[in-house]
There are 2 protein chains.
Amino acid sequence: MTPAIAPSSRALPHPAREEIRLESVLHALSDPMRLRIVRELAGDADELTCSQFDLPVTKSTTTHHFRVLRESGVIRQIYRGTAKLNGLRRDDLDDLFPGLLDALLGAAARQSARLGEG
Amino acid sequence: MTPAIAPSSRALPHPAREEIRLESVLHALSDPMRLRIVRELAGDADELTCSQFDLPVTKSTTTHHFRVLRESGVIRQIYRGTAKLNGLRRDDLDDLFPGLLDALLGAAARQSARLGEG
DNA sequence: CCCATTGTACGAGGAGAGTCGTAGTACCAG
DNA sequence: CTGGTACTACGACTCTCCTCGTACAATGGG
């Protein structure tokens, strides 16, 4: 069961599944930048490095947003070399709040389409 | 189509359906007090006055939270005499974001049950 | 070993949010 | 008109949040 990619020494604190709070998830997703990150993560691939996102903010701010997402339990982050891989915690969220993530992603997609998207 | 209850002179500003933003809705619901209000509104009746809620904050703060909910498009408020009736904007939210409100309410209910509720 | 790449830590500035208290407004019942 | 009820407005306080810049740490390649 050794993973194909060694998860590097640096560890990142994640909340356990039972510790994820709905309020924190909603707060995390109420920021446009973070909602955008989550949408990209849900759409394209399941594993993207931070630098693969082209956000209109500095690297410091990007780090901050990824941390909020991780600490609220929305995403999972692991190091792989100097890069950091980000993935949605679909399994945990679907178990805790069935249908919520899909409803949120659907709502975000609808709004994007409605407002003449990007 | 005249309503049974005259909506009194005082008018309250509400966002039109198209003006409701997902981020604002999520932000509104990310506060425990407001999530609690919305859950009560969804469960019991569709029309409750502000004073029918027994929240552990002062009246000023209660007013503030109801205003945030109204201005984000989550609830509708109309005066009836000195009282103010509050109702969920189910129709508008379901039209804009199908399934979202139910998913949110379900998630909130699940979390309450899981955490040994009140 | 040096260096480029990737991301972090820390501090700061500015804006916003939750809470309260006090004073005030709008409405209804006498 | 008087009084009571229901809610509001405003200012203040405290915290948190988003953003940035600069300086730093961890990894992998030559």
Side-chain angles (χ1 to χ4, degrees), chain A residues 3-14 21 23-38 40-41 47-72 74-87, chain B residues 3 5-14 21 23-38 41 47-72 74-87:
Chain A
I5 298 164
S8 182
S9 52
R10 284 185 282 180
L12 291 161
H14 289 75
R21 301 287 266 101
E23 294 90 331
S24 304
V25 171
L26 297 183
H27 171 249
L29 297 180
S30 71
D31 181 272
M33 218 59 68
R34 291 193 291 261
L35 187 54
R36 177 167 162 174
I37 291 173
V38 169
E40 270 191 67
L41 230 35
E47 298 268 281
L48 292 173
T49 66
C50 295
S51 59
Q52 288 177 283
F53 292 84
D54 189 31
L55 301 174
V57 290
T58 65
K59 268 196 308 179
S60 295
T61 307
T62 302
T63 296
H64 162 71
H65 285 311
F66 275 102
R67 189 207 315 248
V68 172
L69 285 171
R70 169 169 48 83
E71 291 182 344
S72 67
V74 176
I75 68 171
R76 193 175 294 122
Q77 297 189 293
I78 59 165
Y79 279 105
R80 186 180 139 258
T82 83
K84 197 154 74 166
L85 290 185
N86 302 279
Chain B
I5 297 165
S8 183
S9 52
R10 284 184 283 178
L12 291 161
H14 289 74
R21 303 286 266 99
E23 293 90 332
S24 304
V25 170
L26 297 184
H27 171 249
L29 297 180
S30 70
D31 181 273
M33 219 60 68
R34 290 194 291 259
L35 187 55
R36 177 167 162 175
I37 291 173
V38 168
L41 231 35
E47 300 267 280
L48 292 172
T49 67
C50 294
S51 59
Q52 287 177 283
F53 292 83
D54 190 29
L55 302 173
V57 291
T58 65
K59 269 197 303 179
S60 295
T61 305
T62 302
T63 296
H64 164 71
H65 285 311
F66 274 103
R67 188 207 315 247
V68 172
L69 285 171
R70 169 168 48 83
E71 292 181 343
S72 67
V74 177
I75 68 171
R76 198 177 338 247
Q77 296 189 295
I78 58 165
Y79 279 106
R80 189 181 133 254
T82 82
K84 197 155 72 166
L85 290 185
N86 302 279

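Here is how names work: the chains are called A, B, and so on, in the same order as the sequence lines, proteins then strands, and each is numbered from 1.
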**Q** Below the 4.0 Å mark, does C:dT8 have OP1 or OP2 next to a side-chain nitrogen or oxygen of A:Tyr79?
**A** yes
**Q** At under 4.0 Å between heavy atoms, how does the protein contact nucleotides 14-21 of chain D? Give one character per nucleotide, 5' to 3', with B, S or -.
**A** ---SSBBB
**Q** In degrees, rounded to 10°, what is the bend between the two ends of the helix from C:dC1-D:dG30 to C:dG30-D:dC1, using five pairs at each?
**A** 20°
**Q** Going by side-chain hydrogen bond (donor to acceptor under 3.5 Å, both in side chains), name the residues that satisfy it together with B:Thr58, two or more places apart in sequence or in a different chain.
**A** B:Thr61
**Q** Which residues satisfy the side-chain hydrogen bond (donor to acceptor under 3.5 Å, both in side chains) test with A:Glu23, sequence neighbours excluded?
**A** A:Arg21, B:Gln111
**Q** Decide yes or no for A:Thr62 and A:Phe53: does some side-chain heavy atom of the first lie under 4.5 Å from some side-chain heavy atom of the second?
**A** no
**Q** Scan A:Thr62 against the nucleic acid and name what it touches under 4.0 Å (heavy atoms): base, sugar-phosphate only, or nothing.
**A** nothing
**Q** Output one line per pair: protein atom, nucleotide atom from nucleotides 28-30 of chain D, and distance, for all N/O pairs under 3.5 Å.
**A**
none

**Q** Answer yes or no: does a side-chain N or O of B:Arg67 lie under 4.0 Å from OP1 or OP2 of D:dA9?
**A** yes
**Q** For a quick test of reading the model: is some side-chain N or O of B:Ser51 closer than 4.0 Å to OP1 or OP2 of D:dT5?
**A** no
**Q** List the residues meeting side chain to side chain contact (heavy atoms under 4.5 Å, CB included) with B:Val68, not counting sequence neighbours, and say none if there are none.
**A** B:Ala28, B:Arg34, B:His64
**Q** My understanding is that only residues two or more places apart in sequence, or in another chain, count here; which of them pass side chain to side chain contact (heavy atoms under 4.5 Å, CB included) with B:His14?
**A** B:Leu12, B:Arg70, B:Arg76, B:Gln77, B:Arg89
**Q** Only counting residues at least two apart or in another chain, list the ones meeting side-chain hydrogen bond (donor to acceptor under 3.5 Å, both in side chains) with A:Ser51.
**A** A:Thr49
